[in-house]
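Counting starts at 1 for both ligands and their atoms, following the listed order.
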Amino acid sequence: MRKHIVAGNWKMNLTFQEADELLDELMSELEKVELPRDEQVIVCPPFPYIEMASDYANDSYFMVGAQNVSDKEEGAYTGEVSAKMLESCEIDYCIVGHSERRAYYHETDALVAAKVNQLLAHNLKPIVCVGEVLKEREANKQFDVVKTQVEQGLFHLNAEQIQQVIIAYEPVWAIGTGKTATAEQAQEMHAHIRRLLTDKYGKEVADEISILYGGSCKPSNAKELFANPDVDGGLIGGASLKAKDFMGIITAF
Ligand code: PEP
């Protein structure tokens, strides 16, 4: 059965020293709880701290992910980081297609698909973000928007490959705004995504794929969100920067 996952996306926050303190605190907090066997905690720090996070992860109960990856294999691409490099650093996960990258760095579904291919070729699990902007929801286009993102970003994969992917539904109007989707809105969209996966790959495959919710998720609303049958956890931004808040979400299952 699919995993419950809580992944923290630190974005471009924290100094090295602050990151060190947060990892240290998270490790000691995780030691105090017994997580269910089917729950996975992932921390996605900025690239310069990935090695340090991996060292902590070796002695703790979380795994490490990157926040971005190049769509190219290797070569003269100044400033880029390849999936091959992440694999060689023993990183297991990578966020792809976050709405901030789509909005500020003009990432398209085709680029998302190419990055997913790179990650899978190097044995990393992509955490692929999809979600509509406020205007699209107001026009009741959210289901079509997410369908296009899922189809164009992922539906070139075969059944074996798609089971390596984690999908994060992140309504853009809820990210960093304090506005959360209601539990009903989240479940409705997650069920829609699972239906798309079922139609393409069959129920058995679709049931194996974790679909996370992201957007102003915090300890006070995580329980209600995670109680939904198709919400398999969360991708957490702001609340992952404080060990106590992140733990409040990790223990919400
Ligand atoms: C995110 O950016 O992935 C996110 C969910 O951010 P926040 O939790 O801060 O809304």
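Every side chain to side chain contact (heavy atoms under 4.5 Å, CB included) that N140 has, sequence neighbours left out, goes to Q142.
A side-chain donor from one of Y56 and D20 sits under 3.5 Å from a side-chain acceptor of the other. Under the 3.5 Å distance criterion, with hydrogens and angles disregarded, no donor-acceptor pair is assigned to the side chains of Y201 and E160.
Close approach of ligand 1 to N9 (heavy-atom distance below 4.0 Å) involves ligand atoms 2 (O), 3 (O). Residue contact check: G215 has heavy atoms under 4.0 Å from atoms 5 (C), 10 (O) of ligand 1. Taking a cut-off of under 4.0 Å to the non-hydrogen atoms of G176, the atoms of ligand 1 that pass are 7 (P), 9 (O), 10 (O). Which parts of ligand 1 touch L235 is read off a 4.0 Å heavy-atom cut-off, strictly below it: atoms 3 (O), 5 (C).
Atoms CD and OH, from Q187 and Y213 in turn, are 13.5 Å apart once rounded to the nearest 0.5 Å. Going from atom CD1 of I211 over to atom CD1 of I166 covers 11.5 Å, rounded to the nearest 0.5 Å.
Looking only at heavy atoms of the protein, atom 3 (O) of ligand 1 is closest to E170 OE2, 2.7 Å. At the shortest separation from atom 2 (O) of ligand 1 among protein heavy atoms lies K11 NZ, 2.5 Å. Closest protein heavy atom to atom 1 (C) of ligand 1: H98 NE2, 3.2 Å. For atom 9 (O) of ligand 1, the closest non-hydrogen atom on the protein side is G238 N, 2.9 Å. Closest to atom 4 (C) of ligand 1, if we only count protein heavy atoms, is G237 N, 3.6 Å.
Under 4.0 Å is where a charged nitrogen must lie from a carboxylate oxygen, and between K72 and E80 no such pair does.
Screening residues 22-31 for side-chain hydrogen bond (donor to acceptor under 3.5 Å, both in side chains), with sequence neighbours left out, gives E29-K32.
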| task | Check the pair I193, M189 against side-chain contact (heavy atoms from CB on, under 4.5 Å), reporting the backbone distance first and the verdict last. | result | CA-CA 6 Å; I193 295 170; M189 184 59 84; 4.2 Å; yes

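Residue contacts with ligand 1: A174 is included, with a non-hydrogen atom under 4.0 Å away. Not a single heavy atom of A239 sits closer than 4.0 Å to an atom of ligand 1.
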